[in-house]
Amino acid sequence: MRRVVITGAGTINALAHDVPGTFAALREGRLGIGPLQLRDKERLGVQIGAQVHDWDAERHFNRQQIALYDKFTQFTMLAAREAIGQSGLVFGDALSLSSGVVLGTAGGGVNTWDENYRAVYEEGKNRVHPFVVPKLMNNAAASHLSMEWNLRGPTFTVATACASSNHAMGLAFQMVRSGAAEVMITGGSESMLCFGGIKAWEGLRVMSRDACRPFSANRNGMVQGEGAGVLVFESYDHARARGADILAEVAGFAMTSDAGDIVMPSAQGAERAMTGAMRDARLDPGDVGYINAHGTGTAANDKTECAAVAHAFGHHADRLMISSTKSMHGHLIGATGAVELLACIMALREGVIAPTIGYEEPDPECALDVVPNVAREARVDAVLSNAFAFGGLNAVIALRRV
Amino acid sequence: MTTSVRDSVLAIIAEQAVLEVSDLHDTMTLADLGLDSLGLVEAIFAIEEAFDVSVPFNANDPTAGDFDISSVGAMVAAVEALVAARG
């Protein structure tokens with residue numbers, strides 16, 4: 001089996017429109033959550049979110065592209081430009097045939113659905129733009145990415161709610177490792193911060209009205225975010241041969257299903273995914289220095305996740321660091337794992353552990369080192385990134401320093 | 001008026017719990033009813049729709065807020081109060 005490494009990273013999220021800006025924000029413990037600015041927000045119960053601000057699509061794309069790119073595709077393309085640019089890869093004939101794209105998104109073109117439902121239901125129009133379907137489809141971003149960079153290998157999108165990106169990156173890893181592809185562009189994108197997208201989440205009554213405070217005893221729910229994260233996964237040999245700068249090694253991956261409840265998480269399912277990823281990566285629990293938690297800030301997730309970590313790591317659970325960066329960039333739903341992998345890369349490469357901000361009160365059910373409020377300098381050699389989706393679908397990725 | 005609020009709330013709770021209204025007693029708790037968190041959220045939604053009220057309820061902390069869900073009788077009283085406040 002071949003080794004797999006990351007040679008490029010790109011993002012846009014509420015903290016910044018690129019990776020260096022995101023790293024700076026994660027280091028500072030900066031809050032990306034604020035008052036929502038969107039149409040009909042006065043009819044929403046939830047008034048906060050981690051929105052991408054100063055987004056000007058026309059600065060990045062031409063009119064024909066904008067006609068075809070929902071915001072989730074726009075975010076993907078911008079993040080991909082940064083990631084592929086950093087990798088230095090050029091997809092000529094031979095490489096193009098063995099390179100592909102696998103992306104995660106939970107909702108795809110939610111803004112396009114929302115705007116066009118408005119047009120036909122609310123405004124009574126009987127006609128919509130001819131590109132509504134190719135714009136809203138979940139695979140639109142993966143397809144446009146493959147067209148823009150001439151990636152002609154395996155290309156598709158996976159949708160597993162809040163674990164979409166981790167499942168996508170796990171599959172990309174397996175494809176490069178097995179030899180099915182030389183390079184895979186992977187990650188995910190989500191753009192659900194529109195009236196319908198937030199209204200749907202409100203219904204579930206798990207959203208906070210004031211802040212995302214993961215692991216804090218006074219936490220009261222999740223806060224939605226938006227954006228994209230794109231990573232370049234490449235075989236180690238290919239990367240070495242061309243002298244690429246290697247950001248980290250993708251060491252292992254595991255996925256499990258709780259087969260239990262459609263919304264309530266299970267500690268066993270989460271634990272099996274973490275131990276599975278460590279086994280796949282040939283890591284012992286004692287090797288792992290940091291976990292980027294799923295850490296949504298809901299009552300149920302955070303205590304279940306901490307119980308799972310305690311079981312999976314035994315005594316070492318008290319020595320490792322675990323933080324939830326959702327406290328800063330919000331919950332990017334299908335894109336969240338991709339943006340959170342950046343915090344893992346930062347930990348391995350720069351020796352900085354991103355904090356869990358908004359932490360106010362210890363919770364005995366979350367009695368781990370959650371790196372409260374302030375980033376910490378620490379050398380770590382291996383990390384995990386957790387994602388646990390509604391539907392009981394868990395996906396955990398292990399990274400190692402190269 | 002009060003009886004009809006009560007009857008409607010009981011009907012909503014009974015439907016979610018898959019019980020007959022005649023099986024319900026004011027002292028029953030959510031656990032007695034076999035109502036899980038999803039069932040409770042659905043019942044609250046049905047109450048909001050039936051009475052055009054907004055129920056202060058966050059699934060992260062069901063006991064916070066003014067809406068008492070400790071028993072069937074408490075829920076009926078809480079809805080009656082919301083309806084009265086609505087005017």
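The chains referred to below are lettered A, B, ... by the order of the sequence lines, with proteins before strands, and numbering in each begins at 1. Atom set for the values below is all heavy atoms of this structure, side chains included, hydrogens, waters and symmetry mates excluded. Since this is a predicted model, take the numbers as computed values, not measurements.
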Colleague: So for B/N58, is it side chain, backbone, both, or neither that comes closer than 4.5 Å to the heavy atoms of chain A?
Modeller: both

Colleague: Quick one, A/R205 with B/V41, criterion side-chain contact (heavy atoms from CB on, under 4.5 Å). Give me CA distance, side-chain angles, the key distance, then yes/no.
Modeller: CA-CA 8 Å; A/R205 295 175 183 265; B/V41 168; 4.3 Å; yes

Colleague: How about CZ on B/F45, more than 12 heavy atoms from neighbouring residues, nucleotides or ligands closer than 6.0 Å, or not?
Modeller: no

Colleague: Does any heavy atom of chain B fall under 4.5 Å from the side chain of A/M264, the backbone, both, or neither of them?
Modeller: side chain

Colleague: Atom OG in B/S37, atom CG in A/L204: separation rounded to 0.5 Å?
Modeller: 9.0 Å

Colleague: On a heavy-atom basis, which atom in A/V206 and which in B/A59 lie closest, and how many Å separate them?
Modeller: CG1-CB, 4.2 Å

Colleague: Quick one: CD1 on A/I262 to CG on B/L38, what's the gap to the nearest 0.5 Å?
Modeller: 9.0 Å

Colleague: Taking CD in B/E15 as the centre, count heavy atoms belonging to other residues, nucleotides or ligands within less than 6.0 Å. Is the count above 12?
Modeller: no

Colleague: Does A/N218 reach the side chain of B/D61, with side-chain heavy atoms less than 4.5 Å apart?
Modeller: no

Colleague: Check whether A/V263 gets within reach of chain B through its side chain, its backbone, both or neither, counting any heavy atom under 4.5 Å.
Modeller: side chain

Colleague: When you look at CD of B/E20, are more than 12 heavy atoms from neighbouring residues, nucleotides or ligands closer to it than 6.0 Å?
Modeller: no

Colleague: What part of B/S54 gets closer than 4.5 Å to chain A, counting heavy atoms only: side chain, backbone, both or neither?
Modeller: neither

